[in-house]
Amino acid sequence: MKRIYIGLLAIILTSCAAETDKKVLVLGRGTLNIRENKIEMNDGAGSAEQEIIMEKGWKELIVKTPTIDRKFEIPEESGCYILNLKKDTIIGSNLNIGTDLNNRVLGQEELKIRIDSLVNLTQGKNANFAKNFFCIPGQLMKVSANISAKVYGPYKKIPYKLEVDDNGPEPELYKFYTNAEMRDLIETYKKGSLYYLNEKEKK
């Protein structure tokens, strides 16, 4: 009985030590090697991302890549963060399941508004407005105060089925793109826009 008690106490203490109120999605390319708060990236082809649960007591993230060798101070505020180790700016926004993920056909006026908004976002003009984000290379940025928020990085598709969020029936979602990826998406939208097709013909 004594042994069981000691074992349970050890499990409880370990659980408390690992308690956290912060997580960070590391966005890079090539190969990510992460050990506790130490992050190494070997540059290469392909997008790479990995989530870190930041343990209480950590003061910094130690990062070494072909272009970055520094320590990032961990903010005191709880929540969900992204760390951009790519060479390109990362942009993204909060998504609503009812309006952004229902695969409905956009009207021409709504399509034009969306294209213009995305173009502005690639230039950082409407960042931090309506939960839009513009994260430059080598930046650690807070996305949400909700550690249960689901964040999807560049070239990652949002799953067809989503788990229910801890704080309610609808999960809090964020989707990020590289600037290059977003420009390709904008061009795809423009091909379906009569407004931009007409403007192209005028030129």
Side-chain angles (χ1 to χ4, degrees), residues 23-32 39 41 43-51 63 65-68 72 79-144 146 149-160 162 170-201 203:
K23 68 179 180 182
V24 58
L25 183 65
V26 182
L27 303 172
R29 56 177 293 136
T31 304
L32 285 170
I39 304 169
M41 187 184 80
D43 205 1
S47 183
E49 67 176 59
Q50 189 170 331
E51 184 178 272
V63 177
T65 78
T67 56
I68 300 172
F72 290 82
C80 183
Y81 294 78
I82 59 171
L83 175 60
N84 183 12
L85 300 183
K86 292 180 177 291
K87 296 178 181 179
D88 197 0
T89 296
I90 301 294
I91 58 177
S93 62
N94 174 236
L95 298 180
N96 182 280
I97 292 178
T99 57
D100 297 313
L101 299 177
N102 60 3
N103 294 321
R104 63 190 175 87
V105 178
L106 299 178
Q108 286 297 315
E109 185 61 31
E110 188 177 1
L111 182 59
K112 180 184 180 301
I113 292 172
R114 179 166 295 193
I115 292 171
D116 291 343
S117 176
L118 293 177
V119 169
N120 285 334
L121 185 57
T122 62
Q123 300 168 358
K125 292 181 180 179
N126 57 354
N128 300 320
F129 173 73
K131 292 191 176 180
N132 290 331
F133 301 90
F134 186 87
C135 186
I136 63 174
Q139 183 177 9
L140 177 67
M141 176 178 284
K142 185 175 182 179
V143 175
S144 172
N146 177 14
K150 294 172 174 57
V151 182
Y152 299 93
Y155 306 102
K156 292 282 186 178
K157 292 184 178 180
I158 297 175
Y160 177 72
L162 295 167
E170 183 174 307
E172 186 176 332
L173 302 177
Y174 297 86
K175 180 69 179 83
F176 286 86
Y177 304 83
T178 63
N179 244 347
E181 184 186 12
M182 179 56 74
R183 284 192 289 268
D184 289 341
L185 181 61
I186 289 171
E187 288 304 313
T188 299
Y189 276 140
K190 284 184 176 181
K191 290 177 181 178
S193 169
L194 295 177
Y195 173 82
Y196 281 96
L197 289 175
N198 291 335
E199 288 296 309
K200 189 174 182 181
E201 287 179 2
K203 295 179 182 179

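Predicted, not measured: the structure shown is a model, and the values here were computed from it.
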For a 4.5 angstrom cut-off between non-hydrogen side-chain atoms, does Leu85 reach Pro137? no
Evaluate the side chain to side chain contact (heavy atoms under 4.5 Å, CB included) criterion for residues Leu95 and Ile158: first the C-alpha distance (whole Å), next the side-chain angles of each, then the deciding distance (0.1 Å), finally the verdict. CA-CA 11 Å; Leu95 298 180; Ile158 297 175; 3.4 Å; yes
Just by distance, do the side chain of Glu181 and the backbone of Tyr155 share a donor-acceptor pair under 3.5 Å? yes
Roughly how far apart are Glu172 CD and Cys80 SG, rounded to 0.5 Å? 8.5 Å
Going through the distances and angles, do Glu49 and Leu25 end up as a side chain to side chain contact (heavy atoms under 4.5 Å, CB included)? CA-CA 7 Å; Glu49 67 176 59; Leu25 183 65; 3.9 Å; yes
Measure the SG-CD1 distance between Cys135 and Ile91 for me, rounded to the nearest 0.5 Å. 11.5 Å
Centroid separation Tyr174 to Tyr152 less than 6.0 Å: no
Quick one: does any side-chain atom of Arg29 pair with a main-chain N or O of Gly44 as donor and acceptor, under 3.5 Å? yes
Please determine whether side chain to side chain donor-acceptor pair (under 3.5 Å) holds for the pair Lys86 and Ser47, giving the CA-CA distance in whole Å, both sets of side-chain angles, and the decisive distance to 0.1 Å. CA-CA 9 Å; Lys86 292 180 177 291; Ser47 183; 2.9 Å; yes
side-chain hydrogen bond (donor to acceptor under 3.5 Å, both in side chains) partner of Lys87, chosen from Thr178, Thr67, Thr65, Asp43: Asp43
Is there a donor-acceptor pair closer than 3.5 Å between any side-chain N or O of Lys131 and the backbone N or O of Gly92? no
Using the rule given for side chain to side chain contact (heavy atoms under 4.5 Å, CB included), can you reason through Phe133 versus Val143, listing the C-alpha separation, both sets of side-chain angles and the distance that settles it, and then say yes or no? CA-CA 8 Å; Phe133 301 90; Val143 175; 4.1 Å; yes
Strictly distance-based, threshold 3.5 Å: is any side-chain N or O of Asn94 a donor or acceptor partner for the main-chain N or O of Leu173? yes
Between Asn132 and Ser93, the two heavy atoms sitting closest are OD1-CB, 3.0 Å
Non-hydrogen side-chain atoms of Ile136 and Asn84 separated by less than 4.5 Å: no
Hey, is NZ on Lys156 packed in by over 12 heavy atoms from elsewhere, all under 6.0 Å? no
Pick out which of Arg183, Met182, Glu187 makes a side-chain contact (heavy atoms from CB on, under 4.5 Å) with Leu185. Met182
Which heavy atom of Gly30 sits nearest a heavy atom of Ala48, and at what distance? O-CB, 3.7 Å
Are any of the side-chain heavy atoms of Phe134 and Thr89 separated by less than 4.5 Å? yes
Can you check whether Ile39 reaches Leu83 side chain to side chain, under 4.5 Å on heavy atoms? yes
Please check if the side chain of Lys175 supplies one atom and the backbone of Gly153 the other of a donor-acceptor pair under 3.5 Å. yes
Short side-chain to backbone donor-acceptor contact, Asn179 and Ile90, under 3.5 Å: no
